[in-house]
Number of protein chains: 2
Amino acid sequence: MGRMQTMDALGDPVRRRIVELLAAGTRPAGELARSVGDAYGISQPAASRHLRVLREAGIVDSEIDGQRRLYSLRREAMDDVATWVENVRAFWDQRLDALETEIARGNRARRDSRTTPGA
Amino acid sequence: MGRMQTMDALGDPVRRRIVELLAAGTRPAGELARSVGDAYGISQPAASRHLRVLREAGIVDSEIDGQRRLYSLRREAMDDVATWVENVRAFWDQRLDALETEIARGNRARRDSRTTPGA
DNA sequence: CAGATAATTCACCCTTGCGTTATATAACAA
DNA sequence: TTGTTATATAACGCAAGGGTGAATTATCTG
């Protein structure tokens, strides 16, 4: 079901926070590091490492801009997650539908057996 | 942004597989353990541990049925993930919209400065 | 060139997470 | 009761992940 190193990488609150920040637009690494640094009490190198993981998972892109790195969200990454969830949901709903028809069938059967001079 | 121990727990391929299996309907622990055991080469206790994590994250429910445990997917868990993704996407799209109007504004300004006897 | 700034990488520590085997608990079957 | 099946828990080892400070690379500034 899809390319899921995406969800592997998103199984970390710091990285999810970075994604949330990037949802608002492209940001330099330093700003991201400060944000999550403040929020989670981690150092700048730690944040940089998280950025690397996100990069390698194809969740973000980075672009050089002078002496800084601009990070941006890759839309497709979010699509991956959405697709996975939608598939799970679809299966689940289909199961529920099947259950309903099953129940309906059961009701019909029960009704019939009552109406029919069987018992 | 929401209750996200959900995504923490889903940052593991075995657990995602279990969720996928449960999407098709309620299943006893043993069957799940066999499935992911075969697929990932892990033991029954290992699978049981994964089920525990999913349970504690509120992703699955378990119900006793004689000597077995029936596991089922909690729909709301999938909603959590979907909501998170949708929020990120919404922010992102909104940013794109803003960018577009910005570009439009820029074009207008450029056009005007050409038309206007300014330079 | 000599700083200063931005970011990454390195070397290392330490905790957490996942795996294993062995054991416990509980329900069913004989 | 004894045995078997289903599942969970315990105890423990090991690898991975995430954190840190120090060092490296690269760009900008005076």
Side-chain angles (χ1 to χ4, degrees), chain A residues 4-22 25-74 77, chain B residues 4-22 25-74 77:
Chain A
M4 286 292 88
Q5 42 192 143
T6 305
M7 292 201 59
D8 284 334
L10 291 178
D12 177 290
V14 175
R15 289 197 284 269
R16 281 198 301 276
R17 189 78 250 276
I18 292 177
V19 167
E20 290 170 9
L21 291 168
L22 288 180
T26 297
R27 295 279 182 276
E31 186 182 325
L32 296 170
R34 242 170 291 121
S35 295
V36 301
D38 289 354
Y40 295 88
I42 66 175
S43 66
Q44 180 270 324
S48 183
R49 240 170 175 306
H50 282 297
L51 286 173
R52 193 231 273 247
V53 173
L54 289 170
R55 233 185 301 129
E56 290 177 347
I59 297 176
V60 303
D61 270 337
S62 80
E63 172 198 0
I64 293 179
D65 168 52
Q67 60 189 326
R68 39 176 138 185
R69 242 81 158 192
L70 297 183
Y71 279 84
S72 53
L73 189 59
R74 296 192 62 231
Chain B
M4 285 292 88
Q5 40 194 146
T6 305
M7 293 201 59
D8 284 335
L10 292 178
D12 178 289
V14 176
R15 288 196 285 268
R16 281 198 301 276
R17 188 80 252 274
I18 293 177
V19 167
E20 290 170 9
L21 291 168
L22 288 179
T26 297
R27 294 280 181 276
E31 186 181 325
L32 297 170
R34 243 169 291 121
S35 295
V36 300
D38 289 354
Y40 295 87
I42 66 175
S43 66
Q44 178 270 322
S48 182
R49 242 171 174 298
H50 282 298
L51 287 173
R52 195 231 272 246
V53 173
L54 288 170
R55 232 186 302 127
E56 290 177 346
I59 296 176
V60 304
D61 271 336
S62 80
E63 173 198 358
I64 293 179
D65 168 52
Q67 61 188 328
R68 38 177 150 177
R69 242 83 156 192
L70 298 183
Y71 279 84
S72 53
L73 189 58
R74 296 192 60 231

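We name chains A, B, ... by the order of the sequence lines, and we start the count at 1 in each one.
At whole-Å resolution of the value, CZ in A:Arg68 and C1' in D:dC28 are 11 Å apart. Rounding to whole angstrom units, CG of residue B:Leu51 and C1' of D:dA6 are separated by 13 Å. Per the geometry, CD1 belonging to B:Ile42 stands 13 Å off P belonging to D:dA8, to the nearest Å. For the pair A:Asp65 CG and D:dT27 P, the interatomic distance rounds to 12 Å; values are reported in whole Å. Between A:Asp8 atom CG and D:dA16 atom P there is a gap of 14 Å when expressed in whole angstrom units. As rounded to whole Å, 14 Å separates atom P of C:dA6 from atom CZ of A:Arg69. Rounded to whole Å, the distance from CD on A:Glu31 to C1' on C:dT5 is 16 Å. Distance, A:Glu63 CD to C:dT8 P: 13 Å, rounded to whole Å.
A donor N or O paired with an acceptor N or O is not found under 3.5 Å between the base of C:dA6 and the side-chain atoms of A:Gln44.
Inter-residue side-chain proximity for B:Leu32 and B:Tyr71 is flagged as met; some heavy-atom pair is nearer than 4.5 Å. Looking only at side-chain heavy atoms (C-beta outward), A:Thr26 and A:Leu73 stay at 4.5 Å or farther from each other.
Counting any heavy atom pair closer than 4.0 Å across all strands shown, A:Ala29 reaches sugar-phosphate atoms only and no base atom. Within 4.0 Å (heavy atoms only), B:Pro45 reaches at least one base atom of the nucleic acid. As judged by a 4.0 angstrom heavy-atom cut-off over every strand, B:Gly41 is placed among residues touching the sugar-phosphate backbone only. Contacts of A:Tyr40 with the nucleic acid, taken as non-hydrogen atoms under 4.0 Å apart, are absent.
Along DNA chain D, the nucleotide nearest B:Arg52 and the nucleotide nearest B:Gln67 are compared for position; the residue whose nucleotide lies closer to the 5' end is B:Gln67.
Closest to the B:Arg15 side chain, of the nucleotides C:dC18, D:dG19, D:dA6, is C:dC18. Taking the side chain of B:Asp12 as heavy atoms from C-beta on, and the options D:dT7, D:dG19, C:dC18, the nearest nucleotide is C:dC18.
Atoms CE and CZ, from A:Met7 and B:Arg15 in turn, are 11.0 Å apart once rounded to the nearest 0.5 Å.
The main-chain N or O of B:Gln44 is never found under 3.5 Å from a side-chain atom of B:Ser48 such that the two would form a donor-acceptor pair.
Residue A:His50 has a polar side-chain atom (N or O) positioned under 4.0 Å from OP1 or OP2 of D:dG19. Residue B:Tyr71 places no side-chain N or O under 4.0 Å from the OP1 or OP2 atom of D:dA6. Not one side-chain nitrogen or oxygen of B:Arg49 sits closer than 4.0 Å to the OP1 or OP2 atom of C:dT20. At the phosphate of C:dG19, neither OP1 nor OP2 sits under 4.0 Å from any side-chain N or O atom of B:Ser43.
Looking at B:Leu22, B:Asp61, B:Val14, B:Val19 one by one, the single match for side chain to side chain contact (heavy atoms under 4.5 Å, CB included) with B:Leu54 turns out to be B:Val19.
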